[in-house]
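For reference, the structure is listed below as C-alpha cells.
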Amino acid sequence: MNELAQRDVTLIWHPAAQMKDYETLPPIVVDHAKGVWLYDVEGKKYLDIISSWWCNLFGHCNPIINDAIKEQLDKLEHVIFANFSNEPAIKLAEALLKIMPSRIKKFHFNDNGSSAVEAALKMCFQYHAQTGHPERQKFMCLSEGYHGETIGALSVGSMDLYAKMYKPMMMENIHVEAPDCFRCPYGKDREHCECECFAHAEKAFESHARETAAIIVEPLLQGSAGMRVYPPLYLKKLRKLCDETGVLLIADEIATGFGRTGRMFACDHAGISPDVMTISKGLTGGYLPMSITCVSQEIYDAFYADWDTGRAFVHSHTFAGNPLAAAAALAVQHIFRTQPIFENATVNAKWLTKRMSDELLPHPNVGEIRHIGLIHAFELVADKKTREPLPEKNRTGYAVYKKALENGLLLRPIGDVLYFNPPLNITQLELDEAIKLAKKSLYEVLPAK
Ligand SMILES: *Cc1c(COP(=O)(O)O)cnc(C)c1O
C-alpha cells in the first residue's frame, strides 16, 4: 500500500464497500485524468470504461466543460436558491425544456440522484392529497429496481443488497415483478415478445391502483440489477395503464438520461412521456453534484396557491441550483448541440456489439452480451445453456474486476455482471483497447479449456 493509500484508509470510510477488502485491494489514488484515462499517483494508467460510476459523459477533463466551470467560478460559486436565482440555472432549465418528453414543463433542482427521487415521491404523494385523493399513499416499483440509498429511495428499490438491513425503517410499497429478459419465464427473447411479463403489472394495478400515488421505474435499463435491458413496449403499456388509473408515472432517468441508451432519454425509445422524471449523473457531464426532479404542468399547478393554504412543496437542499454545476450542465447541452455525439455513438455502439460478441461471447462462461446504446454488459454463468449462475461465494465478478485493474482497466462488476458504460465520445480505438483488456482479464480468471 502506498503512503497516500495508507493515509486514506486511516481516516476514510468508502462508499459501497467492506473496508476490510481494502486490506488486499487498497484504494487507488488518482492524480489526474484525461478522456477515458485515469492516472494514479504511482504513474499507472487505467482505462475508465464505466464513466466513473456512470456519470462522466464526454471524458475526464473535457476542455469545454472545464472552461465553462472556470468562467463561472470567478463570477458566482453558489447562492441560496430560495427566492434567489442565478443565470446558469435559468438557462439550463430553458435548454432542458427543449429536449424533455412532452409532459415535462417544470424543474425542481436538487443535488444528488437520491434527493431527486425523494422529492419525486413526496411530490406525487402531495399532488394526490391536494387533488382530492388523499387515499393514494402507496408507491409501486419493479423488483430488482434501484433508485438510490436514502430511506425513501430504498423503499421503492427492491435490491436486498442495499435494503435488507433497513427493512424495519422503510415504507411498505407494492413490488411488481420486473421483466427478466435473460431468464425470461415465458421462454421469449426481448426482440420478439409482447411483454407477456406485463401481466404482473396489470395484476398489481387491479388490486392496488386506487391506493397508489405513483409507480417508479428505471426506463428500459435496470442498471444496478445488472444492466438488465427490457423492451420499450413495456413502457408504452405502463403509460397507458397509468393514464387509465390515475397513477402517476415516475421515470428515473438518472442512469439512462443524456444519451446513454442511444436517445436523449430512455423514454424517447417508447415515445412516451412520464409525469415526473428524475435526472442527475450525466446532467453535469459527471463533473459536479446536481439533480433535477422534472414534472408536468398539472403536478406543478396542484401546488400553486396562496401560502396560507399550505399547498407549497416545502423541500429544499442547500446546494440546489448550484451555478457551477449549472454551468457544467449548460456546457454539456452545448456539446450535444454542436458535436455529432449521437451519430458517432450510434455507429460505435453497433461496432461494439459485434466486437464484443466476437471476442467475449465464445467464452464458455459468458451467458449473453446485452446492450443498449453504448452500454454493453456480459453476464458470467456456470452453464451457458441453463444460464445457471456461478456460486455467489466465488465472487467471480469481483475477481475479474481485480484482474482487470492489474491489467489497467476499470471494469467495476455488479455481482457476476461486468459492463462497459463509456463516455459517449469514446473512440473505436479506445473501445478496442478495453475489449482486449477485458478479454485478457476474463481468461486469466476463468481459463477456457
Ligand atoms: C445512481 C442512481 C440513483 C442515485 O443517485 P445518487 O446520486 O447516487 O444518489 C438513483 N437512481 C438511479 C437509476 C441511479 O442509477
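For ligands, and for the atoms within them, numbers begin at 1 and follow the listed sequence.
- Those atoms of ligand 1 with a heavy atom of Asp252 less than 4.0 angstrom away are 10 (C), 11 (N), 12 (C), 13 (C).
- Residues Cys193 and Leu233 come closest through the heavy atom pair O-CD2, 4.2 Å.
- Across Ser114 and Thr150, no two heavy atoms sit closer than the pair CB-OG1, 3.6 Å.
- A donor and an acceptor atom, one from each side chain of Glu430 and Thr427, are located under 3.5 Å apart.
- Taking every heavy atom of Asn112 and a limit of under 4.0 angstrom, the matching atoms of ligand 1 come to 7 (O), 9 (O).
- Each of the atoms 4 (C), 10 (C) of ligand 1 lies under 4.0 Å from some heavy atom of Gly148.
- Here's the thing with Ser280: none of its N/O atoms is less than 3.5 angstrom from an N/O atom of ligand 1.
- In summary, the aromatic rings of Phe58 and Phe336 are positioned with their centroids under 6.0 Å apart.
- Remark: ligand 1 and Gly113 share an N or O pair separated by less than 3.5 Å (distance only, no angle test).
- Proximity of Lys281 to ligand 1, defined as any heavy-atom pair under 4.0 Å, is confined to the side chain (atoms from C-beta onward).
- Every N/O-N/O distance between Trp54 and ligand 1 stays at or above 3.5 Å.
- Minimum interatomic distance between Ile174 and Ala204 (heavy atoms only, all atoms of both residues): CG2-CB, 4.3 Å.
- Atoms of ligand 1 lying under 4.0 Å from at least one heavy atom of Ser114, given by number and element, are 4 (C), 5 (O), 6 (P), 9 (O).
- Of all the heavy atoms of Tyr146, the ones lying under 4.0 Å from any atom of ligand 1 are found in both the backbone and the side chain.
- Between Glu218 and ligand 1, no N or O atom pair is found at a separation short of 3.5 Å.
- Using a 30° and 60° split on the angle between ring planes, His133 and His128 fall in the perpendicular class, above 60°.
- Aromatic ring orientation, His32 versus Tyr39: parallel (interplanar angle below 30°, classes split at 30° and 60°).
- The aromatic rings of His317 and His315 sit perpendicular, their planes meeting at an angle over 60°, well past the 30° parallel limit.
- Checking atom 9 (O) of ligand 1 against the protein gives a heavy-atom contact under 4.0 Å.
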